[in-house]
Q: 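The following block contains the structure, expressed as structure tokens.
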Amino acid sequence: MSNVSPSGPPMAASPLTRAVLEIDEYASGLGWDQPARLFALVDTARLRSQEPGLASQLGLGSGEGVAPLTPIEQDEIPAGRPLDEFLGTIAWPDSVAGCAMTVERLMLPPSAEASVPDGLDEAGLAKWVAAHPDRQEVRMTVAVLRDGARESALRLREKDSPTEVLTGADLVPGLAEALAATFA
């Protein structure tokens with residue numbers, strides 16, 4: 001059975017899981033080879049009461065199917081700037097309940113770790129991974145809330161289907177930590 005229905009995430013999922021899957025679905029619609037994207041997560045009810053014009057523009061009516069958290073994409077992340085450095089410059093206003101990011105990366109299976117050549121710098125390692133026959137392209141969507149809650153979704157390029165999205169709180173701990181630090 002699929003963990004994502006054609007009309008979106010299951011209603012029983014936590015608000016944060018629903019937001020992560022909504023962002024993953026949005027990113028999937030944009031295709032692969034995309035830059036990293038940053039999203040503010042706002043409380044939908046608060047947005048509707050405090051910013052009714054924006055809520056209407058975003059299509060957030062008062063229907064039952066409206067998700068508790070609304071992702072709002074932020075300005076483009078500067079190209080060529082390391083993500084951790086960029087995230088260190090962010091301070092969210094109190095109206096933002098959490099944030100999320102989508103990032104595409106190349107990954108290797110754990111079995112490939114033993115064959116990594118010694119002495120590679122970061123650029124050399126990236127080049128080696130990109131040329132490895134067992135590499136996998138993955139899109140990671142990671143979200144955190146101010147209260148510390150975390151959620152992630154991983155989608156492999158070779159299994160690019162809503163039924164093949166892996167979710168879990170601790171799938172990408174480094175990015176989750178970096179996102180959480182934007183609320184410190």
Side-chain angles (χ1 to χ4, degrees), residues 1-44 47 54-55 57-61 63-84 86-87 90 96-109 126 129-130 132 134-145 149-180 182:
M1 180 171 190
S2 163
N3 65 341
V4 179
S5 68
S7 61
M11 296 307 269
S14 77
L16 190 56
T17 301
R18 290 180 68 191
V20 163
L21 290 172
E22 181 180 339
I23 293 167
D24 172 75
E25 188 176 320
Y26 166 76
S28 177
L30 298 172
W32 286 87
D33 305 316
Q34 296 291 315
R37 295 178 188 280
L38 180 66
F39 299 81
L41 298 175
V42 298
D43 179 279
T44 303
L47 179 64
L54 178 58
Q57 185 180 356
L58 294 172
L60 302 174
E64 280 184 36
V66 177
L69 291 170
T70 297
I72 300 175
E73 187 170 359
Q74 303 301 291
D75 291 336
E76 194 171 300
I77 296 171
R81 188 168 187 189
L83 283 181
D84 55 346
F86 169 73
L87 290 173
I90 295 175
V96 174
C99 65
M101 179 172 269
T102 61
V103 181
E104 293 179 16
R105 290 289 183 261
L106 291 175
M107 291 178 42
L108 291 177
V129 169
H132 197 283
D134 295 332
R135 72 186 178 282
Q136 294 272 342
E137 290 181 76
V138 64
R139 180 183 304 115
M140 302 175 284
T141 303
V142 180
V144 300
L145 295 179
R150 298 173 178 199
E151 188 61 82
S152 307
L154 296 180
R155 182 187 294 243
L156 294 175
R157 188 171 190 155
E158 74 173 25
K159 294 183 179 185
D160 193 359
S161 161
T163 61
E164 296 288 340
V165 177
L166 178 65
T167 59
D170 298 317
L171 297 177
V172 192
L175 183 52
E177 285 294 325
L179 290 171
T182 65

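In what follows, residues are counted from 1 in the order of the sequence shown.
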Q: Kindly say whether S152 contributes a backbone atom to a donor-acceptor pair with the side chain of T167 at under 3.5 angstrom?
A: no
Q: Of all residues at least two apart in sequence or in a different chain, which pass the side chain to side chain contact (heavy atoms under 4.5 Å, CB included) check with Q74?
A: L38, A40, I72, W92
Q: When rounded to the nearest 0.5 angstrom, what distance separates CZ in R18 from OG1 in T70?
A: 10.0 Å
Q: Applying salt bridge (charged side-chain N to carboxylate O under 4.0 Å, His left out), can you list everything that pairs with R81, at least two apart in sequence or on another chain?
A: E85
Q: Determine whether V142 and R150 make a side-chain contact, defined as any pair of heavy atoms from C-beta on separated by less than 4.5 Å.
A: no
Q: Just to verify, which of T182, V42, L41 counts as forming a side-chain contact (heavy atoms from CB on, under 4.5 Å) with C99?
A: T182
Q: Can you list everything that forms a side chain to side chain contact (heavy atoms under 4.5 Å, CB included) with L30? Sequence neighbours excluded, please.
A: Y26, Q34, R37
Q: Taking the side chain as every heavy atom from C-beta outward, state whether Q136 and K159 have any pair of such atoms under 4.5 Å apart.
A: no
Q: What residues, two or more places apart in sequence or in another chain, satisfy salt bridge (charged side-chain N to carboxylate O under 4.0 Å, His left out) together with D75?
A: none
Q: Among residues at least two apart in sequence or on other chains, which ones pass side chain to side chain contact (heavy atoms under 4.5 Å, CB included) with D160?
A: S28, W32, R155
Q: My understanding is that only residues two or more places apart in sequence, or in another chain, count here; which of them pass side chain to side chain contact (heavy atoms under 4.5 Å, CB included) with A178?
A: L87
Q: Give me the atom names and distance for the closest heavy-atom approach of A67 to T44.
A: O-OG1, 2.7 Å
Q: What's the shortest heavy-atom distance between A169 and E151, and which atoms?
A: N-OE2, 3.5 Å
Q: The test is side chain to side chain contact (heavy atoms under 4.5 Å, CB included); show your working for T141 and F39 and say whether it passes.
A: CA-CA 10 Å; T141 303; F39 299 81; over 6 Å; no
Q: Should P162 and E25 count as side-chain neighbours, where that means a heavy-atom distance under 4.5 Å?
A: no
Q: Run the numbers on L83 and M101 for side chain to side chain contact (heavy atoms under 4.5 Å, CB included), then give the verdict.
A: CA-CA 10 Å; L83 283 181; M101 179 172 269; 4.0 Å; yes
Q: Evaluate the side-chain proximity of D43 to L47: yes if any heavy-atom separation is below 4.5 Å, no if none is.
A: no
Q: Check whether any side-chain heavy atom of L145 sits under 4.5 Å from a side-chain heavy atom of L69, and report yes or no.
A: yes
Q: Should D33 and E137 be marked as a side chain to side chain contact (heavy atoms under 4.5 Å, CB included) after you check the CA-CA gap, both sets of side-chain angles, and the distance that decides it?
A: CA-CA 10 Å; D33 305 316; E137 290 181 76; 3.9 Å; yes
Q: List the atom of L21, the atom of A153, and the distance in Å for their closest heavy-atom pair.
A: CD2-CB, 4.4 Å
